[in-house]
Every structure is written in structure tokens, then in C-alpha cells.
K.L.:
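Before I ask anything, here is the structure I am working with.
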Amino acid sequence: MEEIDEYADAVLAALDLVPPGRITSYGRVAQYVGRSLGRGGPRQVAKVMRDYGASVAWYRCVKSDRSLAVEVAWRQAEMLSSEGVPLRNGRVPKEYWFDLPS
DNA sequence: CATGAGGCCGCCT
DNA sequence: GAGGCGGCCTCAT
């Protein structure tokens with residue numbers, strides 16, 4: 001039994017809960033997932049996204065300060081723009097923030 | 001509100 | 001087995 005996929009699956013599922021045009025943070029997802037599986041952290045979520053994120057709306061996940069991760073900022077900015085999320089000075093306005101169920 | 005300095009949790013050399 | 005790093009977070013200045 002590979003619990004590894006279980007974690008990844010949970011992360012992807014959590015991200016899938018974020019509606020189009022909205023965004024959340026890595027930490028928020030990590031906390032949401034961690035509550036169920038009892039492990040993982042923000043960075044681990046990022047890791048999962050880098051591997052499996054291609055199949056989900058990874059771009060709906062930003063930093064806690066609502067800025068974009070520098071490594072993907074360029075792509076993410078374009079994707080968010082498509083979702084109708086305007087970046088204000090490199091940061092997403094908090095009106096677009098989506099709180100995951102705790 | 002913008003920066004800076006720890007710290008946390010796993011994973012990879 | 002030890003050390004270093006990451007699509008980060010939080011608290012303090």
C-alpha cells in the first residue's frame with residue numbers, strides 16, 4: 001500500500017475544491033490535508049504540485065502573502081488572468097481569496 | 001504595509 | 001547517516 005499517492009491525491013482533491021477565479025495558499029492546503037492525514041507541510045504540498053500538479057489547477061495556489069511563487073510566477077500570472085484574477089502589483093487582491101473548509 | 005530572520009516537514013544527494 | 005534545499009509559513013521589526 002503506498003500512502004504516498006494518498007497524500008498527493010488529498011492535495012489534488014483539496015485544490016480541486018477551489019472554485020475558478022479564486023485562490024488559496026499552499027499552507028492552507030497543507031493544513032487542510034494535514035488535518036486528515038496528519039502529516040505534510042506547505043513545502044510538501046508544493047512538491048506534490050510540481051509532480052502531479054499538472055493535472056489540476058495548480059495556479060489557484062499562491063503564497064500566504066498572496067504573491068506568486070517566483071519559479072512559476074510568469075505562467076501562473078497568465079493562467080490567473082484567464083480565470084479573471086487580476087494581479088495587483090504582483091499580488092492577488094484578497095477579495096479573490098478562498099478559504100478551504102477546516 | 002514591506003523586510004528580515006527563524007523554523008517546520010519531507011525529500012534528495 | 002548527515003547535510004542541504006524547496007513553487008513555504010509565521011512572528012518580529
Side-chain angles (χ1 to χ4, degrees):
Chain A
M1 305 284 279
E2 287 85 58
E3 304 82 2
I4 307 172
D5 284 331
E6 186 177 33
Y7 185 81
D9 187 45
V11 173
L12 299 178
L15 197 57
D16 193 57
L17 295 179
V18 182
R22 293 289 191 81
I23 55 100
T24 189
S25 75
Y26 299 91
R28 228 37 240 212
V29 174
Q31 194 168 19
Y32 175 78
V33 174
R35 201 172 92 72
S36 301
L37 301 182
R39 67 167 140 162
R43 320 193 79 150
Q44 208 52 40
V45 172
K47 189 81 171 175
V48 172
M49 300 242 302
R50 195 179 57 175
D51 293 330
Y52 304 83
S55 32
V56 291
W58 57 272
Y59 47 84
R60 290 181 197 159
C61 196
V62 302
K63 290 199 202 172
S64 184
D65 63 345
R66 298 185 317 268
S67 65
L68 306 184
V70 61
E71 296 290 342
V72 292
W74 190 75
R75 288 191 213 163
Q76 188 163 23
E78 305 234 314
M79 297 305 294
L80 288 177
S81 182
S82 299
E83 298 262 310
V85 179
L87 279 176
R88 214 132 131 145
N89 205 18
R91 279 173 209 172
V92 180
K94 44 187 175 182
E95 298 86 76
Y96 294 88
W97 186 269
F98 175 77
D99 254 334
L100 280 166
S102 305

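The figures here come from the full heavy-atom set of this structure, side chains too, leaving out hydrogens, waters and symmetry mates. Throughout, protein chains are lettered first and strands after them, A, B, ... in sequence-line order, and every chain is numbered starting at 1.
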K.L.:
In whole angstrom, give the distance that lies between atom CD of Q44(A) and atom C1' of dC5(C).
P.N.:
12 Å

K.L.:
Determine the minimum heavy-atom distance between L87(A) and A77(A), stating which atoms define it.
P.N.:
CD1-CB, 3.5 Å

K.L.:
Could you check whether any side-chain N or O of R66(A) sits under 3.5 Å from a backbone N or O of R91(A), counting only pairs where one atom can act as donor and the other as acceptor?
P.N.:
no

K.L.:
Dump every N/O contact between nucleotides 8-10 of chain C and the protein below 3.5 Å, one line per pair.
P.N.:
residue : atom : partner : partner atom : Å
dC8(C)  : N3   : R43(A)  : NH1          : 3.3
dC8(C)  : N4   : R43(A)  : NH1          : 3.2
dC8(C)  : N4   : R43(A)  : NH2          : 3.3
dC9(C)  : OP1  : G27(A)  : N            : 3.2
dC9(C)  : OP1  : S64(A)  : N            : 3.3
dC9(C)  : OP2  : S64(A)  : N            : 2.9
dT10(C) : OP2  : S64(A)  : OG           : 3.2

K.L.:
Identify, between G41(A) and K47(A), the residue whose nearest nucleotide on DNA chain B lies closer to the 5' end.
P.N.:
G41(A)

K.L.:
R39(A) CZ to dC9(B) C1': how many Å, rounded?
P.N.:
11 Å

K.L.:
Stem finding on DNA chain B, please: runs of three or more consecutive Watson-Crick or G-U wobble pairs, both distances under 3.5 Å, sorted by first number.
P.N.:
B:2-7 with C:8-13, B:9-13 with C:2-6

K.L.:
Side chains of V29(A) and V33(A), heavy atoms from C-beta outward: is any pair under 4.5 Å?
P.N.:
yes

K.L.:
Looking at every non-hydrogen atom in both residues, tell me the closest pair between T24(A) and R28(A) and how far apart they are.
P.N.:
OG1-CB, 3.5 Å

K.L.:
Could you tell me how far dG7(C) sits from dC11(C) if I compare only their C1' atoms? Round to whole Å.
P.N.:
22 Å

K.L.:
To check you understand the geometry: which heavy-atom pair defines the closest contact between Y96(A) and V92(A), and what is its length?
P.N.:
CB-CG1, 3.9 Å

K.L.:
Residues from residues 73-99 of chain A sitting under 4.0 Å of DNA chain C, heavy atoms only?
P.N.:
none

K.L.:
Looking at every non-hydrogen atom in both residues, tell me the closest pair between Y32(A) and A14(A) and how far apart they are.
P.N.:
CD2-CB, 3.4 Å

K.L.:
Using atom CZ of R50(A) as one end and atom P of dC11(B) as the other, report the distance to the nearest whole Å.
P.N.:
12 Å

K.L.:
Please report, rounded to the nearest Å, how far the C1' atom of dC11(B) is from the OH atom of Y52(A).
P.N.:
13 Å

K.L.:
Would you mind reporting whether Y52(A) and V11(A) have side-chain heavy atoms less than 4.5 Å apart?
P.N.:
no

K.L.:
I'd like the C1' distance from dC1(B) over to dT13(C), given in whole Å.
P.N.:
13 Å

K.L.:
L15(A) and M49(A): side-chain contact (heavy atoms from CB on, under 4.5 Å), yes or no, with the steps?
P.N.:
CA-CA 10 Å; L15(A) 197 57; M49(A) 300 242 302; 3.6 Å; yes

K.L.:
What are the two closest heavy atoms between R22(A) and W97(A), and how far apart are they?
P.N.:
NH1-O, 3.9 Å

K.L.:
Do NZ/NE/NH1/NH2 and the carboxylate oxygens of R60(A) and E83(A) come within less than 4.0 Å?
P.N.:
yes

K.L.:
Do you know which two heavy atoms are closest between A30(A) and G41(A), and how far apart they sit?
P.N.:
CB-C, 3.5 Å

K.L.:
Would you indicate what G53(A) reaches in the nucleic acid, counting non-hydrogen atoms under 4.0 angstrom: base, sugar-phosphate, or nothing?
P.N.:
nothing

